[in-house]
Protein chains: 2
Amino acid sequence: MALAEAILVCLTERPMSGYDLAKNFDASIGFFWRASHQQIYRELGRLREKGYVKSQEVSQNGKPNRIIHTLTPAGQKALRSWSTKPAKHPSIKDDMLVKFYALENMDIDALKDQLTIRMEQHQTKLVKYYRIKERYYDDKPLDLTQKGKLIALEMGIDQEVSMIERLEAAMTKIGNL
Amino acid sequence: MALAEAILVCLTERPMSGYDLAKNFDASIGFFWRASHQQIYRELGRLREKGYVKSQEVSQNGKPNRIIHTLTPAGQKALRSWSTKPAKHPSIKDDMLVKFYALENMDIDALKDQLTIRMEQHQTKLVKYYRIKERYYDDKPLDLTQKGKLIALEMGIDQEVSMIERLEAAMTKIGNL
DNA sequence: TGTATATATGCAAATAGTTGCACATAAAGT
DNA sequence: ACTTTATGTGCAACTATTTGCATATATACA
C-alpha cells in the first residue's frame, strides 16, 4: 500500500500534523493518491508503531493541540526500500466504461449527462494543475525535488487532457448512434 | 459498487455459471472492471439473495456440476436504475506517480526499470485490444450492443496509447536529469 | 443568536478487494 | 508416473477504503 509511503513522502518536506497531511492530500500529493483524514490518522498510528515517524504534541492557545509527526531514519530507510520494489499497476475500475460496455441496457440520455459532468470534473482538475504549474514551476530553476514533482504534475496534466479527449470522442460517438 | 452491475451486464448476454463469468472478467469486461473468481462467487450469492439472479444446478458427466445464473426481471430493472445514477469517477491510486512526486527520495535506476515494465504491460494490453477490435468489430455491420462494446474498447485503446506516451515522456525526462 | 467555516483529532461500522486455501474431475503433455 | 492445464465451486482471513459519527475551540457572517 502506498498510503503509508505517500505520508512518509510528505513528511520528507517537513514535520506535519495529521491535519496538515490531510490538506496536502487534498491539494498536491492527493492528485496521485487520494485519502481521507480518517485514513491518514489511522495510518499515522501504524507508522508510529513501526517507528517510521515519531509524534509529539504541541500546545496551541485557542486552537486544539496539534500532534506533529516527524520522519525517523527508519522511516526514511523504508521509503528508499519501497522505491526499489515494483510499482503495481493501478486497477482499472471505471463505472463509466462498464456503462458503455453495456450500452443497450443503459439510459442513453442519463449517460450523456454523466459524461458531461465527468468532462467538467476533469476540466476543473486540469485548470488546477495548470495553475500550480505556472505558479511553482514555470521559468524557474528547479532542484531534483521540484523536477520530480513537475514530472508527476505533467503526467497528471497529460492524463487529464487525454481523458477529456476520450470523453469527447465517446460523446460524439453516442451522439451519432 | 459496479461489480454487481458488471455481473448483471454479463448475464444480459446469456445465463452463465460463475466460472463463465470469471472467464469473461479475464477477457472482455475485465478490461474495465477487474475481479477475481472469489469475488464473483461471493457477489453471485448476494445477487441471488436480492433476487436479481436465479440460480440452478446443472449436472454434467465427468466435469463438476455447474450452477447457471439467470438474470431476473428485478435484476434487469436494477441495471436500468443503476444506469441513471451518476458514475463516480475512479479513484486515482498510482504508486508510480507517487514515486515521481518523491523523486529525490527514490532509487532512480529502480524507477527506470519499473517504468520499462509498466510500458511493456500496457503495450501487451494494447495488442490484445487491437486484436479484439480487428476480429470482432472491423468492417462489420454492428448493432447497438456491439457499438457500445466497441466504444468501450476504443476508449480502452486510447487510454493505453496515451498511457504509453506518458510513460515514454517520463522516461525521457528522468533520463535527462 | 444561530449558522457556517476553519482548526484539530480520532473511533466504529460497513463495504470492498486481495490472498491463501480447499475440494473434485479429466484431459493432455513430458 | 507426474505435472500442468482446464473445468468447477467456494470459505476464511486479511487488508483497504468509505461513511458516519463524536468531540472541541474560535472566528466570521447573517
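FYI, side chains are in, hydrogens and waters are out, and symmetry mates aren't considered; it's all heavy atoms of this structure. Throughout, protein chains are lettered first and strands after them, A, B, ... in sequence-line order, and every chain is numbered starting at 1.
The separation between A:Ile7 atom CD1 and D:dT17 atom P is 11 Å, rounded to whole Å. Straight-line distance from the CG atom of B:Asn65 to the P atom of C:dA26: 12 Å, rounded to whole Å. Atom OH in B:Tyr19 sits roughly 16 Å away from atom C1' in C:dC23 (whole-Å rounding). Atom CD1 of A:Ile40 and atom P of D:dA16 are 15 Å apart (whole Å). Atom OH of A:Tyr41 is separated from atom P of D:dA22 by 19 Å (rounded to the nearest Å). Put simply, CZ on B:Arg66 is 13 Å from P on D:dG10, counting in whole angstrom units. Atom C1' of nucleotide D:dT7 and atom CG of B:Asp26 are separated by 14 Å, given to the nearest angstrom. Across the protein-nucleic acid pair, B:Glu57 atom CD and C:dA24 atom C1' stand 13 Å apart, rounded to whole Å.
When the side-chain nitrogen and oxygen atoms of A:Lys23 are compared with OP1 and OP2 of C:dA8, none of them lie within a distance under 4.0 Å.
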Could you give me the CA-CA distance, side-chain angles and deciding distance for A:Leu11 and A:Leu21, then say whether side-chain contact (heavy atoms from CB on, under 4.5 Å) is met? CA-CA 8 Å; A:Leu11 295 180; A:Leu21 283 164; 4.2 Å; yes
Apply side-chain hydrogen bond (donor to acceptor under 3.5 Å, both in side chains) to the pair B:Asp113 and B:Thr116, showing each step before the final yes or no. CA-CA 5 Å; B:Asp113 291 345; B:Thr116 306; 5.3 Å; no
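In this structure, B:Tyr129 and B:Phe31 have perpendicular ring planes: the angle between them is above 60°, well past the 30° mark.
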Scoring nucleotides 15-21 of chain C by protein non-hydrogen atoms under 4.0 Å (B base, S sugar-phosphate only, - none) yields -SBBBBB
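Between the A:Thr145 side chain and the B:Glu104 main chain, no donor and acceptor come within less than 3.5 Å of each other.
Side chains of A:Gln146 and A:Lys140: no donor on one and acceptor on the other come within 3.5 Å.
Contact check on B:Arg131 versus B:Glu134 returns no salt bridge, with no Lys/Arg side-chain nitrogen under 4.0 Å from an Asp/Glu carboxylate oxygen.
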